Amino acid sequence: MRWGCRLSRTSWGSGLGRTPQLSDEQISFLTHWSWLFKGVHHLGPPRTFIRHHGNSADSVPPPGKHGQLFRSISATEAIQRHRRNLMEWFSRLPREERQFGPTFALDTVHVDPVIRESTPDELLRPSAELATGHQRPQAGLPPLALSQLFDPDACGRRVQTVVLYGTVGTGKSTLVRKMVLDWCYGRLPAFELLIPFSCEDLSSLGSTPASLCQLVTQRYTPLKEVLPLMTAAGSRLLFVLHGLERLNLDFRLAGTGLCNDPEEPGAPAAIMVNLLRKYMLPEASILVTTRPSAIGRIPSKYVGRYGEICGFSDTNLQKLYFQLRLNQPDCGYGAGGAGVSATPAQRDNLIQMLSRNLEGHHQITAACFLPSYCWLVCATLHFLHAPTPAGQTLTSIYTSFLRLNFSGETLDSTHPSNLSLMAYAARTMGKLAYEGVSSRKTYFSEEDVRGCLEAGIKTEEETQLLQIFRRDALRFFLAPCVEPGHLGTFVFTVPAMQEYLAALYIVLGLRKTALQRVGKEVLEFVGRVGEDVSLVLGIVAKLLPLRILPLLFNLLKVVPRVFGRMVSKSREAVAQAMVLEMFREEDYYNDDVLDQMGASILGVEGPRRHPDEPPEDEVFELFPMFMGGLLSAHNRAVLAQLGCPIKNLDALENAQAIKKKLEKLGRQVLPPSELLDHLFFHYEFQNQRFSAEVLRSLRQLNLAGVRMTPLKCTVVAAVLGSGKHPLDEVNLASCQLDPAGLHTLMPVFLRARKLGLQLNSLGPEACRDLRDLLLHKQCQITTLRLSNNPLTAAGVASLMEGLAGNTSLTHLSLLHTDLGDEGLELLAAQLDRNRQLQELNVAYNGAGDAAALALAKAAREHSSLELLHLYFNELSSEGRQVLRDLGGSGEGGARVVASLTEGAAVSEYWSVILSEVQRNLNSWDPARVQSHLKLLLRDLEDSRGATLNPWRKAQLLRVESEVKTLLEQLGGSGS
């Protein structure tokens, strides 16, 4: 999965001159100008910016002063309004950033990527092959800070035009936006006026004539008053041209004539050419950002400095970014403010684990070389470890991540096809990803990469488009492998991105066999000529009694059906492969996919596998999850914005094929981790009707041993909470559940008949949720197991309130729940408030003789109770004897089990007692268990000595041997 940081681009629009009031859907430009500020900022003391490289914050001018040029009151007020409007515009956060909390502001987490100064000679060299990857900044060339971009060059010449270039994901938009906001806060005193332009916005105007003054006033109305002063501003006027690859510039005099009048109308591209030529406003400063493939559109003689944005080449930059982002205090809140915020200790632990993984120089370090992937790391960790906003899925995070980086991006703006960059990546990188998943490999040779990139290329135009993709976006998807034993190969930047692109390649219908391609061409041909041929054959058949003609006529109608059947078979084959990948027996006992994803980011604690050991089989369990997620309506809508539309009919047919296979293979009993993966697939699909039909045969929900994080609780509740049929059993033993998890899972518990919550460290607070569950009118629980939870007497008080109003519960286990005497006395006093309970287990609760006897008497008088477990409490020999006598006196009443013996015979519940001990040996206090077993052993020996019946003696000896075996396991004496 991938780690990223950058927002997508769209046009700025013309409303920036006034305070815009936009809905979420209308702030499309924010998706490219990333790291937007939270809230409306007014002029005054600037907020603190945490940066790795220097800025001009140490030379902040007094508020309200803007140098000597715009000294008039009207000009000063116009500049102030311009600053306020820019800050208001950039303060709006896209939905993807709001997930980090209601007070999250990007201005507090900005870290500058490394900018390395380069020379025209370097740019003229042939583009580096993929194997070289990104180069580290060269020794002797210190990185450039934003405040140093317009410093004089090495020869002392003034720099007026700076071109910053970088591949997709390196942070071009971040730097531009940061410079604009630095100027808004007065941190760039060298410039009295800053005018930013989005080249995508300018390109949308086409060749419509407009002057430079018109372009400015249409976008920044307050500047209308200061336009006459632009020509006198000189170098203190800064134009920012972001995304130059979107403009088709022609610097030939025959293509673009000279013009130095800012009020002379012309095509926007022509105006930008004359600005860059320094023929119009020759003293103005210009900052340009572009992708590497478009650097050559500006002749080098017009550029004073080139700067390559190298991303986070220093691991310390990555760590700083993660510390600032993950330490946000409100990161733990979900949609609507609900949820439990992560504690500072939990956030610190998360950051420490991530830092250790980065320090190990693992593949994640190479991935976070690109700042955009750092955003993806944080978004994924937030998804895994915080309450999830409503409707957010892992697939939606990845789809949004691609939208933030590729929205509006075309491969080559000069090409008439206007091909979407994401669509090209889906076709090429998706093919490589799918071939890797099919052959179960994640490492690719250069021949593998070339084979997928160059497949089907026949013309010069296609070759040029490939070269553009290589320079601009290939590094975004592939990275050189840094793992020992695989040097010289390539991997997807993060493993999950391979599975996402493979799934995208399938759902877009890009995978076609040779037979399908031929069949499609035949179908198109028949469709073009079919009507005419059918008409001719119909006329000829009436004139000539030829029997063959009706046959030919019907064959024309059969061809589309045959092709449709062929496509349907292909979809079924893909669905079969996807389902088999989901239910591979080899993956049955590994972690669930969410834990696997967390481990891939945070690392695996403990010793790493030795390089000489045989490699483990690659696991692609996210591939089916992404396939389901990409078919959801939300993700299909976002993909359509990226130029990768999935037709509704195709999505429906794919879903039907998947459903058919899931219903067939999904009935098998799955291990807990695989069952959670199955539920996670349905969560990603986001289709309740589909999930209800596929999961209607599910009767047992066994997730014992799965660590139930807030996300996993949300997944289970979202998928199963709205179902109709009851669940025979829900087993959540040893799942690290907390009260918040219980509250989330309440809709699932209401469907359960047997509920197991053993070994979850649930305390009195959780009992309040259980009380509400028992009192709910839809509750149908008959068996509730709460053993090995520190409920205490306070928790039992809440449970008794629930029992008093419950009519379904018949079996309740409170084994080893720290009740003590107080808890058993409370049970004894209020047991008669419930009339349905049949079995109550309060063994191993540290209760004494008096409390146990009181509860036993209440149980004997209870109208429905049949069995009471009291063994392993702090009972004396006399107390156990009294309880045995009580259990054997009179007819009716509950059976009381306090020992392995009943008089001189073995208790019929001896196997139940010993099996409970065997099950809990690892969680109970060994010393206490050992002492109780010795007492039970003494009872057995006494009973054996008191009977002459050889059959009873044999039974007692058998039970004695079982007890001695348990004592040996505990390290105690068996004598």
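Because the structure is predicted, anything quoted here is derived from the model rather than measured.
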Open item on the list: Could you tell me if the side chain of Asp595 sits less than 4.5 Å from the side chain of Arg707, heavy atoms only?
Closed with: yes

- [ ] Check whether any side-chain heavy atom of Leu676 sits under 4.5 Å from a side-chain heavy atom of Val593, and report yes or no.
- [x] no

| Residue pair Met353 / Asn349, side-chain heavy-atom distance below 4.5 Å | yes

task = Say whether, by atom type as modelled, one donor and one acceptor occur between the side chain of Thr782 and the main chain of Arg753 under 3.5 angstrom.
result = yes

_Asn788 side chain vs Gln758 backbone, donor-acceptor pair below 3.5 Å_ = no

On a heavy-atom basis, the closest approach of Leu967 and Lys934 is CD2-CG, 4.2 Å

Arg699 and His725 have their tightest heavy-atom pair at NH1-CD2, 2.7 Å

Do any N or O atoms from the side chain of Gln780 and from the backbone of Leu750 form a donor-acceptor pair under 3.5 angstrom?
yes

### Query
Counting only heavy atoms not in Lys754, do more than 12 sit closer than 6.0 Å to its NZ atom?
no

Check for a donor-acceptor pair, side chain of Asn702 on one end and backbone N or O of Ala704 on the other, with a separation under 3.5 Å. yes

Worksheet item: Sub-3.5 Å donor-acceptor pair from the side chain of Asn760 to the main-chain atoms of Gln736, do we have one?
Response: yes

(request) Evaluate whether atom NE2 of His743 has more than 12 neighbouring non-hydrogen atoms of other residues, nucleotides or ligands under 6.0 angstrom away. (result) no

Distance col, row Tyr683:OH vs Leu594:CG, nearest 0.5 angstrom, shows 10.0 Å

Does a side-chain heavy-atom distance below 4.5 Å link Val694 with His682? yes

- Item | Ring centre gap for Tyr871 and His869 strictly below 6.0 Å | yes

Any side-chain donor paired with an acceptor under 3.5 Å for Arg833 and Gln830?
yes

**Study point:** Residue pair Asp821 / Glu825, side-chain heavy-atom distance below 4.5 Å
**Key:** yes

Between the CZ atom in Phe383 and the CE atom in Met597, the distance rounded to the nearest 0.5 Å is 8.5 Å

Rounded to the nearest 0.5 Å, the CG atom of Leu770 sits from the CG atom of Leu755 at a distance of 7.5 Å

* Please lay out, stage by stage, how Leu812 and Leu803 fare under the test side-chain contact (heavy atoms from CB on, under 4.5 Å). => CA-CA 10 Å; Leu812 175 63; Leu803 281 174; 3.9 Å; yes

Separation between CD (Glu962) and CG (Leu966), nearest 0.5 Å, reads 7.0 Å

CD (Glu866) and CD (Gln838) are apart, to the nearest 0.5 Å, by 5.0 Å

Rounded to the nearest 0.5 Å, the OG atom of Ser864 sits from the CD atom of Glu839 at a distance of 12.0 Å

Would you call the rings of Tyr844 and His816 parallel, tilted or perpendicular, taking 30° and 60° as the class edges? parallel

Would Arg751 and Asp728 count as a salt bridge (charged side-chain N to carboxylate O under 4.0 Å, His left out) here? Give the steps.
CA-CA 8 Å; Arg751 295 177 54 193; Asp728 293 338; over 6 Å; no

- Item | Sidechain-backbone polar pair: Ser808 side chain, Ile781 backbone, donor-acceptor under 3.5 Å | yes

Worksheet item: Does His776 reach the side chain of Arg771, with side-chain heavy atoms less than 4.5 Å apart?
Response: no

| message | I'd like to know if the side chain of Asn357 reaches the main chain of Ile601, judged simply by a donor and an acceptor atom lying under 3.5 Å from each other, with no hydrogens or angles considered. | response | yes

| When you check the side-chain N and O atoms of Gln363 and Glu483, is any donor under 3.5 Å from an acceptor? | no

Salt-bridge criterion met for Glu729 and Arg785 (N-O under 4.0 Å) | yes

Scanning both residues in full, the closest heavy-atom pair of Leu742 with Ala766 reads CD1-CB, 3.5 Å

Between Asp592 and the options Leu679, Val706, Leu675, the side-chain contact (heavy atoms from CB on, under 4.5 Å) test singles out Val706

Heavy-atom nearest pair, Leu853 first then Val882, reads CD1-CG1, 3.8 Å

Review point. Okay, side chain of Asn845, backbone of Ala847: is any donor-acceptor separation there less than 3.5 Å?
Key: no

- Is Val917 close to Val963 at the side-chain level, that is, under 4.5 Å between some pair of heavy atoms? no

Checking the side chain of Asn873 only, and the main-chain atoms of Val842 only, is there a donor and an acceptor separated by less than 3.5 Å? yes

Paired with Val897, the side-chain contact (heavy atoms from CB on, under 4.5 Å) test is passed by just one of Leu883, Leu867, Asn841, Leu868, namely Leu867

So Leu814 and Leu799, do their side chains get closer than 4.5 Å, heavy atoms only? yes

Applying side chain to side chain contact (heavy atoms under 4.5 Å, CB included) to Ser734 and not counting sequence neighbours gives Leu759

Query raised in the report: Ser761 and Asn789: side-chain donor and acceptor closer than 3.5 Å?
Result: no

Shortest non-hydrogen pair, Ala894 vs Ala859, comes out as CB-O, 3.6 Å

In short, Leu870 meets Leu875 closest at the heavy-atom pair O-CD1, 3.7 Å

Practice task
Kindly say whether Leu774 contributes a backbone atom to a donor-acceptor pair with the side chain of Asn806 at under 3.5 angstrom?
Solution key: yes

